[in-house]
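Everything below concerns the one structure shown next.
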Amino acid sequence: MNRDLLIQELRKQSENTWDIIVIGGGATGLGVALDAVSRGYKTLLLEQSDFAKGTSSRSTKLVHGGVRYMAQGDLQLVMEALHERGLMIKNAPHLIINQDFIIPVYNLWDSLIYTAGLKFYDLLAGRLSLGKSYFINRETTMSRLPMLNPKGLRGGIVYHDGKFDDSRMSVALAKACIDRGGIVLNYIKVISLLKNSSGKINGVIALEKETGEEFSLKARVVINATGVFTDIISRMDNPKSKPTIKTSQGVHIVIDKSFLQSNSAIMIPKTSDGRVLFAIPWYNEILIGTTDTPVENVSMEPVALGKEIDFILNTARNYLIKPPKKEDILSIFAGLRPLAADPGNPASTREVSRRHKITLSSSGLLSITGGKWTTYRRMAEETIDKAIKAGFIVKRKCISSTLRLISNVNSCHNTRFEIYGDGASEIEQMIDENPSLGVPFDKRLPYTKAEIIWICRNEMPQTIEDILARRTRSLFLNARASSDIAADIAGLMAKELGYDSIWQKEQLESYNKLVMNYI
Ligand SMILES: Cc1cc2nc3c(=O)[nH]c(=O)nc-3n(C[C@H](O)[C@H](O)[C@H](O)COP(=O)(O)OP(=O)(O)OC[C@H]3O[C@@H](n4cnc5c(N)ncnc54)[C@H](O)[C@@H]3O)c2cc1C
């Protein structure tokens, strides 16, 4: 992942026609680009900010079938997602962990209904099941979740789902595209669509954000994978196009692991207002969320509302014997769900299906919206199949179901650097040669100097935020600690990538402003 070389290549290709240009570098766009490039199409992906800067770094970190959707009766969605969960674990074993969840139960009816429901969940997963679900009595539940409030507790149901690092998964997808000959670039914004004399879309105009360089790029098909920004791109195609997205905000808080003292996660299937809430061990902390609040305006940096934080804390208080308070929060983050539903639809965002939708405009803009991180691969396959069916590109077979995101599974397992995939051994070697690089930057965060240097050299970070928020998860794990190490990160990055002191100062100012949203 060498950005300068990729931009040079983009310039060289300016006279040529791409088979596919993907707009948007979140889970959806990166999945589409990888599907396309692995089928052999000449593929370009442009992301206006950093990879996964939007929704795709702000998920609950679950690779799941969606127990909740089963309760809503959407069995097909659950089955598809469970199948994709299985494939994702096989193809990116370095980024996805088999996580056990416990649903605490307080009466016989809930014990029966959730045990039966989760047995059915296992059945739907078939041979890609991650482990059987089962009932545990009150004593076993308390021994596995010592911080759970025992009042009225009858027992728990254990089940399994996947847990992952969403933004690291995005980088792995970007790297896999580039390894296969695709061009994937961050900080290049599509500002308009090109059309031929018959009004059909045949490319994009894009702007490199740092230099202002403009690119005019031709393509057989342009794919709009811009999440909550989908309708903005659709209006570039047709200013009168109707809104297609309903947006809902979800908030998470992160607290110290002492509040849970367990490797098991808790799933609360029905909170006071009918939502689902998770408390999940994530890296060295506990992630709790999420909410479901309809929002009108979309932004790259959504901000958690006071009432959302109160809801999470109040719910957690009912279940934990050491109730977390506002001052215990290490980080707060908000994300926007791009729900594929008519904004005029009166159904609450909680009830709107998490299914995806693929649409083709009369001028040939192919848009893919909705869905989940877990189903990104299937969404991508269907999108490229649709481009083939519409006659934009010649038919080629999809191979993504067996496409590994790491070349040697055994090389990285069980090392603390496994999240860097094939890079893990290089980081270890750097530390072997210079042990001072293996010391964590800050005892509140799990990251070392070696990782930051390796990231600068291999993962296209352009800002300190890219490093602190998405290549590492410092901002999400402990916002204040991330701010405390920001100056050191800026110094290291400047040295590696050749930036001056003015750049460092500007970076620090803008990072410290951003951190306020997470505190
Ligand atoms: C709170 C929350 C929790 C969730 N939890 C889970 C979970 O646990 N498991 C799960 O499977 N799913 C989960 N999801 C769903 C999942 O995160 C999303 O479905 C997925 O991340 C959406 O990805 P996307 O690529 O469509 O959108 P995004 O990640 O938002 O990507 C769109 C990208 O398009 C870019 N873009 C926009 N305009 C332009 C332009 N003009 N030029 C170039 N680029 C542009 C944006 O910068 C952005 O990066 C959750 C969602 C939320 C909100």
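Whatever order the structure lists ligands and atoms in, that order sets their numbers, starting from 1. What you see is a predicted model; the values in this text were computed from it and never measured.
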Is the closest side-chain donor-acceptor distance between [X] and [Y] under 3.5 Å?
X: Glu301; Y: Tyr518; value: yes
X: Tyr121; Y: Asp161; value: yes
X: Arg180; Y: Ser38; value: no

pair Ser361-Ser241: side-chain heavy atoms closer than 4.5 Å
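Ser361 does not reach Ser241 side chain to side chain.
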
Answer whether the closest heavy-atom distance between the side chains of Ile20 and Ile384 falls below 4.5 Å.
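Yes - at least one pair of side-chain heavy atoms lies under 4.5 Å apart.
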
Got an N/O contact under 3.5 Å between [X] and ligand 1?
X: Asp50; answer: no
X: Val190; answer: yes
X: His252; answer: no
X: Lys53; answer: no

Cation-pi check for Phe311 against Arg275: NZ or CZ below 6.0 Å from the six-membered ring centre and within 45 degrees of the axis, yes or no?
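Yes - Arg275 lies over the ring of Phe311, closer than 6.0 Å to its centre and within 45° of its axis.
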
Would you indicate which of Ser49, Ala225, Ser59 comes nearest to atom 4 (C) of ligand 1 when only heavy atoms are counted?
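It is Ser59 that holds the nearest heavy atom.
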
For atom 38 (N) of ligand 1, which candidate among His64, Met169, Gln48 holds the nearest heavy atom?
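Considering heavy atoms of His64, Met169, Gln48, the nearest to atom 38 (N) of ligand 1 sits in Gln48.
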
Taking non-hydrogen atoms only, is [X] closer than 4.0 angstrom to ligand 1 via side chain, backbone, both or neither?
X: Phe229; value: side chain
X: Thr290; value: side chain
X: Leu46; value: backbone

Against Phe51, only a single residue in Met460, Arg470, Met169 fulfils side-chain contact (heavy atoms from CB on, under 4.5 Å); can you say which?
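For Phe51, the side-chain contact (heavy atoms from CB on, under 4.5 Å) test succeeds with only one of Met460, Arg470, Met169, which is Met460.
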
With the threshold set at under 4.0 angstrom, would you say [X] reaches ligand 1 through any of its heavy atoms?
X: Ile232; value: no
X: Val228; value: no
X: Gly371; value: yes
X: Gln249; value: no

Is it true that Glu382 and Arg378 have a side-chain N and a carboxylate O under 4.0 angstrom from each other?
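Between Arg378 and Glu382 there is a salt bridge, with a charged N closer than 4.0 Å to a carboxylate O.
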
Hey, is Arg168 close enough to Glu459 for a salt bridge, meaning N to O under 4.0 Å?
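Here Arg168 pairs with Glu459 in a salt bridge, since their nearest N and O are under 4.0 Å apart.
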
Which of the atoms in ligand 1, numbered in the order shown and given with their element, are less than 4.0 Å from a heavy-atom of Ile233?
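Reading through ligand 1 atom by atom, the close ones are 41 (N).
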
Under 4.0 Å from any heavy atom of Gly250, which atoms of ligand 1 are there?
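Within the 4.0 Å cut-off of Gly250, ligand 1 contributes 1 (C).
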
